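Heads up: the structure comes next, in structure tokens.
In listed order, ligands and their atoms are each counted from 1. In this text the structure is predicted, and so the values were computed from the model without any measurement.
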Amino acid sequence: MSREADILIKNITILRPDQASEILRDTDIVIADGKIVKIRTNINIDAKQELNGRGKIALPGLIDAHTHVFQIFLRGALTMHELQRHPIWLNVLIPFEAEMGKEEAEISAKLACLNMIKKGITAFSDAGGPYPEILAEIVSKSGLKATVTHSTIDTGISSYLRSAELNRELVHKYRAGRVRGWYSLRQIMTSTDELIEKTFKYAEEDSVGIHMHLSEEPIEIQHSLSRWGKRPVEFLYNKGYLNHHVVAAHCAFLSKEEVKMLSKSNVKVVHCPTINMMYMNFPRVPELLAEGVKVALGSDGGSYRSLDLFTEMNIMITGMTGYYGSPFLDFNVITPKDALLMATRNGAEALMLEKSGTIKEGYSADITIINTHKSHLIPLHDPFTLPFFASGDDVSEVIVDGKLIMKNGAVLTLDEEKILTEALEITPIVQGRIKRILSKAK
Ligand SMILES: [Zn+2]
């Protein structure tokens with residue numbers, strides 16, 4: 001018997017931070033062939049699956065626009081004291097990735113994908129790690145969407161050098177679909193001028209994104225000034241490298257001029273609230289948004305936090321308001337609606353996902369559903385205040401490309417218990433490796 005739709009969601013509250021009709025109550029959503037085909041009240045249609053949306057909120061799928069899948073086994077190993085091994089990415093994170101074996105990589109990828117689905121994430125952009133092809137295979141199975149890339153570096157640990165040509169093979173292998181290969185530059189400090197030039201050239205020719213860390217700490221600014229006589233963004237902008245393909249994570253030390261350069265060149269910036277505000281700086285997020293820059297949200301990986309974008313939204317609103325707003329009695333610096341927009345539509349734009357990032361007819365059916373039948377979510381007078389009260393643990397369903405990948409909190413695409421067992425089994429081995437790396441690090 002053929003059915004008219006794949007999924008019918010009945011009587012749900014829909015939040016659409018980018019649309020004029022931003023809250024739709026008691027509304028039905030019809031999903032077919034990966035797309036949202038109808039949004040109305042009282043739809044009667046024969047669907048393969050029907051979900052009761054009463055007491056639930058549908059959000060555009062959450063997107064983690066900057067993460068490090070292969071750092072998840074560092075969770076809880078980097079205490080405040082360890083953060084003083086400055087810069088930690090060069091002294092600890094890169095050696096950790098460089099020494100990783102394939103088995104650990106596979107378990108890391110499974111654990112991270114499972115963790116993301118449980119927290120309501122529908123798509124992510126990995127900043128680059130040792131085994132992007134392993135990650136691509138796991139993402140395919142998980143039902144998530146992702147961009148994967150090598151950690152492109154041509155100075156530093158010899159076993160961990162990755163060329164633009166190697167990255168190009170990945171880009172050509174994963175050209176379309178849910179998993180796409182991207183280019184990356186780990187950091188200008190670990191890239192020769194030749195690598196930087198080639199990477200931007202290839203990304204332009206192949207019309208795909210480049211994921212990079214940019215303006216993340218004072219030593220990077222000093223490095224750039226002494227190497228080129230220009231600040232990092234200024235250098236890349238003057239070279240003509242910056243455009244809408246570039247996703248720049250952190251951007252925590254921008255000059256006012258650099259904010260304008262990012263805006264003019266349509267670069268997508270990713271703010272990672274916890275790590276930016278704790279370890280780096282308060283980025284000029286309100287100014288970037290006011291200049292029209294699409295700022296997305298990132299977790300920066302699972303080593304400091306639990307890959308929960310609700311936590312990141314909450315921290316961002318609190319931190320940014322405390323820093324840029326409260327002293328001036330201005331409480332509209334970053335609103336919860338802004339935060340939701342950053343975690344959804346802006347993330348979709350950063351990942352170059354076409355027709356995604358909102359709940360609208362004709363758009364990709366990427367939806368995160370929250371169960372509000374909880375003591376901490378009743379009442380919720382303005383549903384847009386969700387980032388203040390909800391956490392990723394309130395997510396009950398996740399739909400990606402029209403497929404239900406989590407239902408009632410149970411992940412349907414990955415074996416949760418098996419992954420947790422594998423992760424526990426390998427933990428002591430990884431612990432030994434972390435100990436060795438930390439004892440050698442500055
Ligand atoms: Zn990062």
Side-chain angles (χ1 to χ4, degrees), residues 63-75 77-78 82-83 85-98 100 105 108-109 112 115-116 121 123-132 135 146-153 156 160 162 167 182-191 199 209-221 223 232-233 246-254 267-283 285 295-309 311-312 315-316 342-343 347 350-351:
I63 293 172
D64 188 343
H66 178 75
T67 191
H68 293 267
V69 160
F70 295 109
Q71 290 174 13
I72 198 162
F73 272 102
L74 284 166
R75 181 173 276 161
L78 305 175
E82 304 302 349
L83 284 176
R85 297 169 192 272
H86 205 69
I88 196 157
W89 66 273
L90 206 49
N91 293 327
V92 178
L93 305 181
I94 286 188
F96 177 77
E97 288 176 20
M100 182 175 284
S108 299
N115 186 166
M116 284 189 262
I121 291 166
F124 67 93
S125 188
D126 190 73
Y131 300 101
L135 176 57
T147 70
V148 300
T149 177
H150 284 282
S151 176
T152 315
I153 293 174
Y160 199 39
R162 300 286 189 270
N167 222 337
W182 267 22
Y183 288 95
S184 82
L185 282 170
R186 184 69 181 238
Q187 240 281 3
I188 55 167
M189 290 167 64
T190 47
S191 307
T199 301
I210 300 182
H211 197 138
M212 66 186 301
H213 290 90
L214 189 59
S215 194
E216 56 177 345
E217 48 201 329
I219 57 159
E220 178 194 339
I221 313 292
H223 169 100
V233 174
V246 181
V247 170
H250 304 298
C251 294
F253 294 91
L254 300 174
V267 167
K268 313 297 189 303
V269 169
V270 187
H271 175 36
C272 304
T274 297
I275 199 70
N276 279 359
M277 296 193 286
M278 181 173 79
Y279 181 64
M280 296 173 188
N281 193 12
F282 285 79
V285 174
V295 184
L297 266 196
S299 64
D300 207 11
S303 49
Y304 304 98
R305 286 281 170 178
S306 54
L307 303 181
D308 186 342
L309 290 184
T311 308
E312 296 301 332
I315 287 170
M316 171 174 66
M342 291 165 70
L351 267 66

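- With contacts defined as side-chain heavy-atom distances shorter than 4.5 Å, the pair T67/L307 qualifies.
- Closest non-hydrogen pair, L297 versus A343, comes out as CD1-CB, 4.0 Å.
- Among the atoms of H66, an N, O or S atom is found under 2.8 Å from the Zn ion (ligand 1).
- Contact check for H213 versus H250: side-chain heavy atoms found under the 4.5 Å cut-off.
- Among the backbone and side-chain atoms of D300, an N, O or S atom lies under 2.8 Å from the Zn ion (ligand 1).
- Counting backbone and side-chain atoms alike, H68 contributes an N/O/S atom closer than 2.8 Å to the Zn ion (ligand 1).
- A salt bridge is absent between E97 and R162; no separation between the charged side-chain nitrogens and carboxylate oxygens falls under 4.0 Å.
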